[in-house]
Amino acid sequence: MTDAFSLPPEAVEPHLAVAARALGLLRTVPALAPRYAGRPAGLTTLDELAALPPLVKDDLNVALAHLEPRAGTGATWLFQSGGSTGAPKIGYAPTGFYMAGVHAHWQPLDRDDTFVNAWGAGRMWGAHFLAAALADLAGCRVIALGSVTREEYGDWLGFLADQRATAIGGTPSVLRLWFSHARAAGLKLPALRKVIWLGEAWQPQLAEDIAAVSPQARRWGMFGSTETWVVGTNTPDCPADTFHPLPEQLVHVGPDGLLDFTTLNPEMLNPVLRYRTGDAGELTTCPCGRPGRAMRVLGRRDSVVQVRGLGLHVDELVARAEQEPGVSRAQVVITEHGGRATGVDVLLLTHGSAGPGTAGDAAVDTARLRTELLSATFTLSTAFQHDPENFRVRAVEELVSNDRTGKTAGFVVRPADQEDA
């Protein structure tokens with residue numbers, strides 16, 4: 001069983017006191033204590049850790065609400081976690097956001113860089129501050145932008161070019177806006193060498209835009225969540241979906257390829273013990289040549305949503321829509337009233353619609369695609385048998401994004417009173 005872990009027993013077991021402490025904390029949570037009944041009080045072997053039941057987001061939320069962790073030194077920062085497909089929850093981190101451990105093994109920035117921090121600032125999302133901590137460790141110049149409106153991109157892009165920005169960071173959704181606006185306007189960022197990303201899967205269309213705007217730029221990725229913080233990193237020599245776990249993060253591949261994570265960092269405030277984020281993956285050898293087991297992320301496995309009592313595989317629907325010529329991204333929006341899905345929209349961002357002011361219905365045959373999706377998808381054809389007009393396929397200027405984080409999820413659930421928002 002231990003071969004399903006990213007580290008061998010001899011590398012993990014000297015650090016299992018951290019996992020044992022997390023187990024002790026979880027035992028004090030009344031709602032979670034029964035699942036650990038009859039198990040050893042401590043953890044001394046990797047086999048004992050493997051025998052523990054996994055945690056999911058709801059479990060960890062219950063634990064954090066009960067524990068209310070506090071940092072041993074410095075401030076305790078509270079962050080919102082999630083919110084794209086449900087109500088946001090609270091996560092915790094100490095000042096520094098564990099980035100010293102990341103920087104010790106991954107250094108995309110150096111003192112000569114001018115780094116544009118384009119992750120959304122404030123609103124209790126952690127990535128902006130996490131990236132700022134990394135920049136602080138690198139000692140570089142920082143331009144902290146946060147969110148920018150459509151009308152502001154041109155002026156800001158000119159400013160970044162004048163400042164000879166060498167690095168930019170954000171979610172792929174946010175980065176796509178920057179580079180697609182620059183490409184549409186014919187603007188260049190010739191000094192840019194590094195694109196740092198975290199928060200979503202890499203987007204192939206983003207790579208095309210970067211090549212047109214900043215041909216010398218290469219991507220540097222982080223993988224993690226507000227519960228686990230940064231689990232692994234990659235470099236331009238790694239595939240975009242493959243990450244090298246940090247020594248303080250233990251990765252396990254469970255049934256159906258579901259990944260779970262256990263912290264080995266004694267400073268971690270969240271009791272991350274066999275925690276499942278909903279991502280699936282595998283342990284592999286990275287073609288970059290770096291030794292040790294790498295983690296290949298295969299995508300989400302929690303995107304099956306209930307539509308009128310039937311399971312809708314959102315990722316499959318999005319993947320089919322994105323195969324359509326002219327479509328750069330797709331998103332499923334489920335509208336609910338009283339807990340029941342009243343409508344499903346597939347929103348299409350076309351190759352022409354990422355630039356300012358273009359929508360491009362004519363570029364994609366939305367009526368034909370709608371008919372195909374409706375007939376080929378059992379859940380949709382059955383759920384909307386009596387009201388097929390409530391399943392729609394539309395080309396749009398913008399997908400629905402999280403105003404707090406800037407992320408654009410593959411699917412969004414919203415109440416009926418926000419349908420036209």
Trainee: Determine whether R320 and L369 satisfy the following criterion, side-chain contact (heavy atoms from CB on, under 4.5 Å), listing intermediate values before the conclusion.
Mentor: CA-CA 9 Å; R320 170 59 193 90; L369 180 59; 4.0 Å; yes
Trainee: Should S173 and R329 count as side-chain neighbours, where that means a heavy-atom distance under 4.5 Å?
Mentor: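 Yes, at least one pair of side-chain atoms sits under 4.5 Å.
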Trainee: Supply the atom-to-atom distance L130 CG to T226 OG1, rounded to the nearest 0.5 angstrom.
Mentor: 9.0 Å
Trainee: How far apart are the closest heavy atoms of R219 and P239, and which atoms are they?
Mentor: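 Smallest heavy-atom distance, with atoms named: NH2-C, 3.6 Å.
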Trainee: Under the side chain to side chain donor-acceptor pair (under 3.5 Å) test against D345, which residue among R392, R414, Q331 passes?
Mentor: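 Checked R392, R414, Q331 against D345; only one passes side chain to side chain donor-acceptor pair (under 3.5 Å): R392.
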Trainee: Is the shortest heavy-atom distance from the side chain of Y36 to the side chain of L52 under 4.5 Å?
Mentor: yes
Trainee: May I ask you to test the R274-L55 pair for a side-chain heavy-atom distance under 4.5 Å?
Mentor: no
Trainee: Quick one: closest heavy-atom pair of A207 and W202, and the distance?
Mentor: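 Nearest heavy atoms, A207 then W202: CB-NE1, 4.0 Å.
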Trainee: Any idea which heavy atoms bring S328 and Q205 closest together, and the distance?
Mentor: CB-CG, 4.1 Å
Trainee: Answer with yes or no whether the side chains of D279 and T277 bring together a donor and an acceptor at under 3.5 Å.
Mentor: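 Yes, side-chain donor-acceptor contact under 3.5 Å.
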Trainee: Using 0.5 Å steps for rounding, measure from the CZ atom of R296 to the CG atom of N234.
Mentor: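 Spacing of CZ (R296) from CG (N234) equals 13.0 Å.
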Trainee: Taking side chain to side chain contact (heavy atoms under 4.5 Å, CB included) as the definition, give me every residue that meets it alongside V213, ordered by chain and number, with sequence neighbours left out.
Mentor: F179, A182, R183, L189
Trainee: Just how far is it from atom CD of Q249 to atom CE of M295, taken to the nearest 0.5 Å?
Mentor: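 Between Q249 CD and M295 CE, I get 9.0 Å after rounding to 0.5 Å.
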Trainee: In this structure, is the centre-to-centre distance between the rings of W156 and Y153 below 6.0 Å?
Mentor: no
Trainee: So, H252 side chain and A50 main chain: donor-acceptor pair closer than 3.5 Å or not?
Mentor: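 Side chain of H252 to backbone of A50, a donor-acceptor pair under 3.5 Å: no, none is there.
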Trainee: Output yes when a side-chain donor or acceptor of N270 lies under 3.5 Å from a complementary backbone atom of V272, and no otherwise.
Mentor: no
Trainee: Hey, are T284 and E282 close enough side-chain-wise for a donor-acceptor pair under 3.5 Å?
Mentor: no
Trainee: Are L317 and F411 close enough that some pair of their side-chain heavy atoms sits under 4.5 Å apart?
Mentor: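 No; the side chains remain at least 4.5 Å from each other.
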Trainee: Does this structure show an ion pair linking R293 with D3, if we count only N-O contacts that are shorter than 4.0 Å?
Mentor: no
Trainee: Do the side-chain N and O atoms of R141 and T166 include a donor-acceptor pair separated by under 3.5 angstrom?
Mentor: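 Judged by distance alone, the side chains do not pair up.
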Trainee: Taking atom CG of D256 as the centre, report whether more than 12 heavy atoms of other residues, nucleotides or ligands fall under 6.0 Å from it.
Mentor: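 Check fails, neighbour count at 12 or below.
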Trainee: For the backbone of L374 and the side chain of T377, can you confirm whether one donor and one acceptor N or O come within less than 3.5 Å of each other?
Mentor: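 A pair under 3.5 Å: no.
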Trainee: Just by distance, do the side chain of R35 and the backbone of P54 share a donor-acceptor pair under 3.5 Å?
Mentor: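 Such a contact is found between R35 side chain and P54 backbone.
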Trainee: List the atom pairs, donor and acceptor, that lie under 3.5 Å between side-chain atoms in residues 9-22 and the rest of the protein, sequence neighbours left out.
Mentor:
{"from": "E13", "atom 1": "OE2", "to": "L46", "atom 2": "N", "distance (Å)": "3.0"}

Trainee: CZ/F223 to OG1/T242 distance, rounded to the nearest 0.5 angstrom?
Mentor: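 Answer for the CZ-OG1 pair, F223 versus T242, is 11.5 Å.
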Trainee: Hey, what do you get for CZ (R370) to CD (E389), rounding to the nearest 0.5 Å?
Mentor: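 Separation between the atoms: 8.5 Å.
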Trainee: Check whether any side-chain N or O of R193 sits under 3.5 Å from a backbone N or O of P190 as a donor-acceptor pair, and report yes or no.
Mentor: yes
Trainee: Testing the basics here: between G224 and L198, what is the closest heavy-atom pair and its distance to 0.1 Å?
Mentor: N-CD1, 4.0 Å
Trainee: What pair of heavy atoms forms the shortest contact from V142 to A135, and how long is it?
Mentor: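 Closest heavy-atom pair between V142 and A135: CG2-CB, 3.6 Å.
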Trainee: Does any part of the side chain of R176, heavy atoms only, come nearer than 4.5 Å to the side chain of D209, both counted from C-beta?
Mentor: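 Yes - at least one pair of side-chain heavy atoms lies under 4.5 Å apart.
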Trainee: Is there side-chain contact between D113 and P108, with heavy atoms separated by less than 4.5 Å?
Mentor: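 Not touching, per the 4.5 Å side-chain cut-off.
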Trainee: Roughly how far, to the nearest 0.5 Å, is CG of D59 from CG of L273?
Mentor: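 These two atoms lie 11.0 Å from each other.
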Trainee: Any side chain to side chain donor-acceptor pair (under 3.5 Å) pairs touching residues 94-109, not counting sequence neighbours?
Mentor: W77-T95
Trainee: Does any part of the side chain of K57, heavy atoms only, come nearer than 4.5 Å to the side chain of Y275, both counted from C-beta?
Mentor: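 Side chain of Y275 against side chain of K57, heavy atoms only: contact under 4.5 Å found.
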Trainee: What heavy-atom pair brings T76 and A71 nearest, and what distance separates the two atoms?
Mentor: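 Heavy-atom minimum between the residues: OG1-N, 2.7 Å.
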Trainee: Do W220 and L109 touch side chain to side chain, with heavy atoms closer than 4.5 Å?
Mentor: no
